[in-house]
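Please read the structure below before turning to the comments.
Numbers restart at 1 for each chain; the letters A, B, ... are given by sequence-line order, proteins then strands. Worth saying up front: this structure is predicted, and the values here are computed from it rather than measured.
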Amino acid sequence: MSRQLTFNIFRFNPEDPNSEPHTDTFVLEETPSLTLFIALNKIREEQDPSLMFDFACRMAICGSCGMVVNGRPGLACKTLTTELPDEITLMPLPVFRLVGDLSVDTGTWFRQTNTKIESWIHDDQEFDPTAVEERMENDLANSIFELERCIECGCCVASCGTANMREDFVGAFALNRISRFIMDPRDKRKDPEYFEVVGTDQGIFGCMGLLACEDVCPRELPLQDQLGILRRKMAFVGLKNIFKPKEKGRQRRF
Amino acid sequence: MSSSVDTAIFVKPPTMVSAYLDWLQMLTGAGLILFMWSHMVLVASVNLGANVMNTIAHFFEATYMAQVGGPIIAATMLVHFVLAARKIPYTSEAQGVIWRHARMLHHTDTWLWLIQALTAMVILIMGSVHIWTVLTNLPITAAKSAARVQGGFWGVFYLILLPMVELHVGIGFYRIAVKWGFIKRSGRKKFHRFENIWTGVFILIGLITIIRLWTLPI
Ligand code: HEM
Ligand code: SF4
Ligand code: SF4
Ligand code: FES
């Protein structure tokens, strides 16, 4: 006999002045290979057409279906109900602006954060569209790609105690992203320039090493290792600066 | 023309202060860990006999290591506290956020951080009281320590302080290892288990030591 699943789902529509935050309960029979994404669609089709949630790719690529599943941020499309108990509680991701019910606006946050850390290749050379693309060692390309697999789902940010407490903390996502540019020889930024964007208490030195990001990332990015490498790297940039003779005209203090 | 107006009020120049403070936070933490381990060895020496402890204590006082080292440790603790306290949420709103967050996430490492922040407050007060009491009552002897513990008040005092310190030290040790990347993803589980056992063993040695002091004939 298949299980009866009970879904407790957070409901609130900030646009509607009469809406109060509460949870609604829906019961659904478990079917083979049921994911939360399919379950939510069923509930919306059969029980409550007003239920709000996001999805697009339904294959863990677009990063839009992040939500808190029984306390843990994860992707609805990647979560099979067989991994969960009979009672399933779904909440929207914290930190991000709530659109309604399970839908949050991760886009604005990621855009702002990407701007803050200057998340693009910095290169002052004129782009020549006819030139042959520069070559890169395969191993290096692979290790950059490993970090590039981030789908900006926001689970790491939502699970991070620091990000929850401090609005200006850039989160594991951004620190991983900077690591990716540090590896990339096409980015001409030097260590002090990277330091300027992440060598702060809003960046790597704000991270308290709670490692929730590492434990929830649905793409299993090596966040713990990257955060460690980045902390050491930035800490040594700071240390080197103490022993460097002061350059004239440089604005850096201390 | 140069003037004495501090332009940094209006345009924040890049600074490296965050990096220095993070180094200091880690190094004071690591220094205190090393001290606490040595401290445990010194105090637990009473289990080998009151004479052993007395001899060691005498050595540290005769060389003035206790008189100089004690205040240095206290100062290190103070610096460490000021640095680490930057991470503890100060407003009741943020405290509520991290509390609800930890309850929602049921994630061990997040709870461990909360334990670290809470034990820190207890250590700040009880640790200071303990340092003051010991350093203003030199020399350290097994008989005096035993008398204190047997008085009851200090016995209970140490029974509380011991697990607080060991938890804070154990978690801090683990945290430094993962934050600074000494322990990689592949080694995290194993290191965590090692750290739990290590903390357990220290609490056990501490308990045995307190019992020994409680039963030491004076
Ligand atoms: C005076 C009272 C103390 C307070 C208020 C305090 C507070 C804290 C806090 C809040 C943290 C977390 C910092 C973070 O997540 O970055 C921390 C970390 C730590 N504490 Fe303490 N602590 C105190 C005393 C001690 C003592 C006595 C020791 C050692 C015997 C110690 C060892 C450590 C270590 C090793 C860390 C990890 C450092 C790091 O993450 O960089 N603390 N402390
Ligand atoms: S690092 Fe992982 S959890 Fe964070 S946004 Fe990227 S894919 Fe999502
Ligand atoms: S290690 Fe912890 S504090 Fe640092 S980014 Fe990850 S979840 Fe946040
Ligand atoms: S729907 Fe695209 S990641 Fe889940």
> What part of A/D201 is in contact with chain B, defined as an atom under 4.5 angstrom from a non-hydrogen atom: side chain, backbone, both or neither?
Replying inline: both
>> Can you tell me which portion of A/M234 sits under 4.5 Å from chain B's heavy atoms? Options are side chain, backbone, both or neither.
In response: backbone
Against chain B, work out which of [options] has the most heavy-atom pairs shorter than 4.5 Å and name it.
options: A/T162, A/L211, A/I229, A/L230; answer: A/L211
options: A/G206, A/S159, A/G199; answer: A/S159
options: A/L221, A/L223, A/I204, A/L227; answer: A/L221

>> Taking side chain as everything from C-beta outward and backbone as N, CA, C, O, which of these in B/R86 sits under 4.5 Å from a heavy atom of chain A? Side chain, backbone, both or neither.
In response: both
> With a 4.5 angstrom heavy-atom cut-off, which part of B/H101 approaches chain A: side chain, backbone, both or neither?
Replying inline: side chain
>> If you count heavy atoms of other groups shown closer than 6.0 angstrom to CG of A/D139, is the number above 12?
In response: no
>> Has B/H168 got a side-chain atom pairing as donor or acceptor with B/Q116's backbone, closer than 3.5 angstrom?
In response: yes
>> side-chain hydrogen bond (donor to acceptor under 3.5 Å, both in side chains) for A/R180 and A/Q226? Distances and angles first, verdict last.
In response: CA-CA 9 Å; A/R180 175 242 173 277; A/Q226 287 310 318; over 6 Å; no
>> Looking only at side-chain N and O atoms, does B/H107 offer a donor or acceptor that is under 3.5 Å from a partner on B/D109?
In response: no
> Of B/F194, B/W198, B/F191, which meets ring-ring contact (aromatic ring centres under 6.0 Å, His included) against B/F173?
Replying inline: B/F191
> Please walk me through it: do B/D22 and A/R231 pass side chain to side chain contact (heavy atoms under 4.5 Å, CB included)?
Replying inline: CA-CA 9 Å; B/D22 207 51; A/R231 183 183 296 268; 2.5 Å; yes
